[in-house]
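Just so you know, these numbers come straight off a predicted model, no measurement behind them. Just so you know, these numbers use all the heavy atoms, side chains as well, and skip hydrogens, waters and symmetry mates.
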Amino acid sequence: MLIPACNEEASIGAVVDAFRRELPAATIFVFDNCSTDATAAIAAARGAIVRNEPRQGKGYVIERMFDTVEADAYVMVDGDDTYPAEKVHDLLAPILAGQADMVVGARLEEYSDKAFRPLHVCGNKLVRALVNWAGHSRLSDIMSGYRAFSRRVIERLPVVSAGFEVETDMTIQMLYYRMMIVEVPVHYRPRGDGSASKLRTVRDGVRVMWKIFTLFRSFKPLTFFGAAAAVLFLCGLLAGATPIHDYATTSKVTHQGLAIMAVGLMVLSSGSLFLGIMLHAINWRLRELHNVMCRIATGSTTRRPLA
């Protein structure tokens, strides 16, 4: 059981107690991320194992979780007491049955009034639409902080995000590596008194959108650079239409500037298409090598307890 927390003294005790009731055999880890209140002390007093991550950011916390904890199945939940602990069995069931690599507690079907701040639902839906388009999927919640996943995810998924965009990063990488994601609807409730969200709407929204852009460029280079090549090609045609018409009618090119621009755009278009093809081939080979190396690394994996 993995709980990232930053200044959650108002709720961390309730979260630890709730999941202790539901999963009495699980080891509960609380990863304290630069808290300035009593979060770590309260978690330790409730019987959780507390680890510290000095780098500020949820992505860093998840990276430390993946590096520190070894188990066959993992549950990760935010320490703000907004997710129902009783749903943990529904999240774990597909993992333990080998039917999914990650199970996500989807919030956008059921949530209390004031559970989301203004614009957050719209932002979540926009991110969902972009990720589903890029990954050819039908997921309903990309940014949920309530997830269960298998050991296979830990071994195969690199964590390269620092902040709240990490859930989006994980989802896109899961789709890229063709791992199975299942969603379970959960009721999302508002934070309790004394608990405040660390999410910054504009700053973190921009970071999420930038992460989608960079991952799309990295994981689908042929689509990305092919689209750029098509746009440049069309612009080249438009720029070259007048010089071509000049030459066809007068055998002279009187719009030299447009002619030079058209040639430049066509060269850029060809270069972009070639770059996309080359990166696509490299990407495919790297994915093959990644899968082979993961199999080699896990060849002697032994069974471990639930975390």
Side-chain angles (χ1 to χ4, degrees), residues 1-96 102-105 107 115 144-151 153-155 159 164 166-167 170 184 186-199 301-307:
M1 186 75 219
L2 309 174
I3 307 174
C6 176
N7 291 334
E8 299 288 5
E9 65 178 6
S11 57
I12 191 65
V15 174
V16 172
D17 290 345
F19 282 92
R20 176 74 70 199
R21 287 193 300 270
E22 299 296 331
L23 299 173
T27 303
I28 299 179
F29 290 85
V30 172
F31 283 77
D32 180 47
N33 188 211
C34 305
S35 293
T36 57
D37 60 9
T39 296
I42 294 172
R46 299 299 178 97
I49 299 174
V50 179
R51 296 286 185 265
N52 295 311
E53 172 48 58
R55 297 171 296 174
Q56 183 71 57
K58 191 174 183 180
Y60 293 131
V61 177
I62 293 178
E63 180 189 4
R64 181 59 59 91
M65 288 176 176
F66 284 11
D67 290 342
T68 303
V69 181
E70 295 187 354
D72 287 325
Y74 301 77
V75 177
M76 182 177 71
V77 67
D78 292 340
D80 54 12
D81 197 24
T82 56
Y83 296 96
E86 60 272 14
K87 278 286 189 176
V88 69
H89 306 287
D90 294 337
L91 268 69
L92 276 171
I95 300 295
L96 299 177
M102 178 179 286
V103 181
V104 178
R107 308 163 295 169
S144 173
Y146 195 13
R147 299 167 184 251
F149 41 90
S150 65
R151 178 71 188 173
V153 173
I154 303 294
E155 292 164 344
V159 179
F164 285 103
V166 65
E167 285 98 352
M170 291 174 64
V184 172
V186 300
H187 182 76
Y188 188 60
R189 53 182 179 251
R191 287 171 171 265
D193 294 338
S195 179
S197 174
K198 291 39 172 212
L199 184 66
T301 301
T302 57
R303 299 291 291 177
R304 299 181 178 90
L306 179 71

Distance, nearest 0.5 Å, that separates CD of E70 from CZ of R151: 5.0 Å
Which atom of V77 lies closest to which atom of V15, heavy atoms considered: CG1-CG1, 4.3 Å
Side chain proximity check, E167 to K58, heavy atoms < 4.5 angstrom: yes
Side-chain (T39) to main-chain (E9) donor-acceptor, under 3.5 angstrom: yes
Pairwise distance CD1(I12) to CG(N7) - rounded to 0.5 angstrom: 11.5 Å
R20 side chain vs G47 backbone, donor-acceptor pair below 3.5 Å: yes
Non-hydrogen atoms of G59 and V159 that approach each other most closely: O-CG1, 3.6 Å
Atom pair NE2 (H187) and OG1 (T82), whose distance is rounded to the nearest 0.5 Å: 10.5 Å
Beyond-backbone contact of M170 with I62, side-chain heavy atoms, under 4.5 angstrom: yes
Least distance between heavy atoms, A18 atom then A85 atom: CB-CB, 3.7 Å
From CG (D78) to CD (E8), nearest 0.5 Å: 8.0 Å
Closest non-hydrogen atom pair, A40 against V50: O-CG2, 3.6 Å
Pairing residues for F66 by the ring pair (Phe, Tyr, Trp, His ring centres under 6.0 Å) criterion, not counting sequence neighbours: F149
Verdict with supporting geometry, C6 and Q56, side-chain contact (heavy atoms from CB on, under 4.5 Å): CA-CA 9 Å; C6 176; Q56 183 71 57; 4.0 Å; yes
Check: V186 and L91 side chains under 4.5 Å, non-hydrogen atoms: yes
Any side-chain heavy-atom pair of I154 and M65 under 4.5 Å: no
Under 3.5 Å donor-acceptor, S144 side chain and V104 backbone: no
Whether Y146 and F19 hold their rings parallel, tilted or perpendicular, with breakpoints at 30° and 60°: perpendicular
Closest non-hydrogen atom pair, V153 against M102: CG1-CE, 4.2 Å
Any V103 side-chain heavy atom under 4.5 Å of L92 side chain: no
Main-chain N/O of Y83 paired to R189 side chain as donor or acceptor, under 3.5 Å: yes
Least distance between heavy atoms, V16 atom then I28 atom: O-CD1, 3.8 Å
Reported CD1-to-CZ distance for the pair I49 and F31, which is rounded to 0.5 angstrom: 9.0 Å
Salt bridge (Lys or Arg N to Asp or Glu O under 4.0 Å) partners of E53, counting only residues at least two apart: R55, R64
